[in-house]
Amino acid sequence: MRFAIQAVPHGRAPRWRPPYFRTKKVAIVGCTLSRQFAPWHDPSWTIVTHCSARTFCEREPDWYMDLHPPSCFRKQRKGTWHDTYYTWLKSLQRPIFMQEDWPDIPMAVRYPIERVLAEYRGYFTNHCAYMIALAMTEGVKAIGLFGCQYGAETEYAVQRGSLEYWCGRFEGTGGEIILPPKYSDVLNFPSKLYGYESHD
């Protein structure tokens, strides 16, 4: 795997620069069951996943993402997936999109928020939306959403709308959204076509 790198002054480690995705197809993988349909072993896909899904990965993803502030990841919580999270981040061997190139996390890559906001409106309530917007700036042609159902009430209320918006923006540019088979509830899509099939 090859990434473009950029030398950083003051003796810091090299950092990645655009293009970030090595292919024109990006799979965004979350934690719900439809993650099993992710193209783990298809080299034509660049795989991006949130760190909370790392234990479900069938191979190391090309990118991780965690755009939360340091207060969220520097405090490890016993009995959760955060148990040794900060320690894991510091030893990570794959690049990870974060708010900054944190010096204590060698593989942290600053998410280009200014670049994204210069091109699009700032409607972001979830990591998937950020990745779709970045993929659009890089000319990605297909985006797959695997394990990204927004079923919990808090997710449904706060995060679903933003993800649907970015899916629509992407399709509006001619991009293809790929959803897992056999999962009609992905993004909480209705199982029946409203009006035509949903009313007796």
Enquirer: Using the ring centroid of each side chain, check whether F37 and F146 are separated by less than 6.0 Å.
Expert: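 Between F146 and F37, which both carry aromatic rings, the centre distance is not below 6.0 Å.
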Enquirer: Taking S34 for its side chain and P180 for its backbone only, find out whether a donor-acceptor pair lies under 3.5 Å.
Expert: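 No; zero donor-acceptor contacts below 3.5 Å.
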Enquirer: Would you call K24-E176 a salt bridge at under 4.0 Å N-O?
Expert: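 Salt bridge flag = no for E176 with K24.
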Enquirer: Go through the steps for T46 and T23 under the test side-chain hydrogen bond (donor to acceptor under 3.5 Å, both in side chains), then give the verdict.
Expert: CA-CA 6 Å; T46 297; T23 68; 2.9 Å; yes
Enquirer: So, does D66 use its side chain to make a donor-acceptor pair with the main chain of M98 at under 3.5 Å?
Expert: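 Judged by distance alone, no pair lies under 3.5 Å.
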Enquirer: Checking side chain to side chain contact (heavy atoms under 4.5 Å, CB included) for the pair L89/M107: CA distance, chi angles, key distance, verdict?
Expert: CA-CA 8 Å; L89 281 174; M107 298 302 282; over 6 Å; no
Enquirer: Are the side chains of M131 and F97 in contact, using a 4.5 Å heavy-atom criterion?
Expert: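 Yes, their side chains come closer than 4.5 Å.
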Enquirer: Going from CG on L163 to CD1 on I28, what distance comes out if it is rounded to the nearest 0.5 angstrom?
Expert: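 Here the interatomic distance stands at 8.0 Å.
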Enquirer: Can you tell me if T49 and R54 form a side-chain donor-acceptor pair at under 3.5 Å?
Expert: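 There is no such pair between these side chains.
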Enquirer: Can you say whether the rings of F124 and Y130 are parallel (under 30°), tilted (30 to 60°) or perpendicular (over 60°)?
Expert: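 Because their plane-to-plane angle is under 30°, the rings of F124 and Y130 count as parallel.
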Enquirer: Charged N to carboxylate O below 4.0 Å: is that the case for D104 and K90?
Expert: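 No salt bridge links D104 with K90.
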Enquirer: Cationic tip of R94 within the cone over W63's six-membered ring, i.e. under 6.0 Å and within 45° of the normal?
Expert: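 The answer is no, since R94 fails at least one limit relative to W63.
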Enquirer: Can you tell which of F73, W88, Y85 makes a ring-ring contact (aromatic ring centres under 6.0 Å, His included) with Y64?
Expert: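 When F73, W88, Y85 are each tested with Y64, the ring-ring contact (aromatic ring centres under 6.0 Å, His included) holds only for W88.
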Enquirer: Give a yes or no answer on whether the side chain of R110 reaches the backbone of W102 with a donor-acceptor pair at less than 3.5 Å.
Expert: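 No, because the side chain of R110 does not come within donor-acceptor range (under 3.5 Å) of the backbone of W102.
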